[in-house]
Amino acid sequence: EPEVTQTPSHQVTQMGQEVILRCVPISNHLYFYWYRQILGQKVEFLVSFYNNEISEKSEIFDDQFSVERPDGSNFTLKIRSTKLEDSAMYFCASSQWADTQYFGPGTRLTVL
Amino acid sequence: KQEVTQIPAALSVPEGENLVLNCSFTDSAIYNLQWFRQDPGKGLTSLLLIQSSQREQTSGRLNASLDKSSGRSTLYIAASQPGDSATYLCAVRGNDMRFGAGTRLTVKP
């Protein structure tokens, strides 16, 4: 069964460094999403992406964040200058239409 | 701003019991509602999605209902098993996706 994959599973970085989190959505899906979950808190929507552009973004998704679909399979989230409060689990998801979203296993980001 | 609330926060039941998890939301202008399970330290597994025009969806021992006008959804789990132990999340899709804090379910053998 096709699934969403994410790499790396765990990323440790120093405050102020740039990180890129990578996702491979399910191959025939058209909508892509990033979410984050700070330890012990709710899952929070960051951004949705369709037809090579951002369709929605939350107030969390400020100028420090960007997304890209550099080729036909990858979908990336870049954080330009990480802060301590960016430490969280980041989930990628995809859907064929604007319906059931399938989530990846997540990347745990630790900012020191 | 959409707020999603799940009650109870935690639930412990003996194996075999039927149970109901509740989800409420403040803005009825939604496209759909999705129920997920999350195992500790893992990603989210989609269980059921109900479109805004639907009243319920069923998958195996799971049944989810939606009453959009009152801003409520329930997830019914029949004949619970220890393997059902997980956190159950509901998420409401409007312009974005809003999650509840989840119900942590423990099913005791």
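The number of heavy atoms from other shown groups lying within 6.0 Å of CZ (A:R69) is above 12. Heavy atoms from other residues, nucleotides or ligands lying under 6.0 Å from CG of A:D63 number 12 at most. At most 12 non-hydrogen atoms from other residues, nucleotides or ligands lie less than 6.0 angstrom from OH of A:Y102. Counting heavy atoms of neighbouring residues, nucleotides and ligands inside a 6.0 Å radius, atom NZ of A:K42 exceeds 12 of them. In the displayed structure, A:R80 atom CZ is contacted under 6.0 Å by more than 12 heavy atoms of other residues, nucleotides or ligands. By the neighbour-count criterion of 12 heavy atoms within 6.0 Å, atom CG of A:L84 is densely surrounded, having more than that number from other residues, nucleotides or ligands.
No continuous path of ILVMFWY side-chain contacts below 4.5 Å connects A:L77 to A:V12, so the two sit in separate hydrophobic clusters. Hydrophobic clustering of Ile, Leu, Val, Met, Phe, Trp and Tyr side chains at less than 4.5 Å, counting indirect connections, keeps B:L44 apart from A:I26. Grouping the Ile, Leu, Val, Met, Phe, Trp and Tyr side chains by contacts below 4.5 angstrom, directly or via other members, places A:F75 apart from A:Y31. Residue A:V47 is not grouped with residue A:F91 when hydrophobic side chains (ILVMFWY) are merged at heavy-atom distances under 4.5 angstrom, including chains of intermediate members. Under a hydrophobic-cluster definition in which Ile, Leu, Val, Met, Phe, Trp and Tyr are linked whenever side-chain heavy atoms come within less than 4.5 Å, directly or via other members, B:L19 and B:L89 are assigned to different clusters.
The greatest number of non-hydrogen atom pairs below 4.5 Å with chain B, out of A:P105, A:S55, A:G40, is found for A:P105. Among B:A91, B:G102, B:G100, the residue with the largest count of heavy-atom pairs under 4.5 Å with chain A is B:G100.
Interface remark: A:T100 contributes backbone and side-chain atoms alike to the contact with chain B (heavy atom separation under 4.5 Å). With a 4.5 Å cut-off on non-hydrogen atoms, A:Q101 touches chain B through its backbone and its side chain both. Proximity to chain A is absent for every atom of B:L48, based on heavy atoms less than 4.5 angstrom apart.
A distance of 8.5 Å separates CZ in A:F103 from OG in B:S46, rounded to the nearest 0.5 Å.
Looking at B:M97 and A:Y35, their side chains come closer than 4.5 Å, going by heavy atoms from C-beta outward. Using a 4.5 Å heavy-atom cutoff, the side chains of A:D99 and B:R93 are not in contact.
Counting all heavy atoms, side chain and backbone alike, A:E56 lies closest to B:N95 at CG-O, 3.1 Å. A:F45 and B:D96 make their closest contact through CD2-CB, 3.3 Å (heavy atoms, listed as atom of the first residue, atom of the second, distance).
Taking non-hydrogen atoms and a 4.5 Å limit, the residue list of residues 21-42 of chain B in contact with chain A, ordered by number, reads B:N32, B:Q34, B:F36, B:Q38, B:G41, B:K42.
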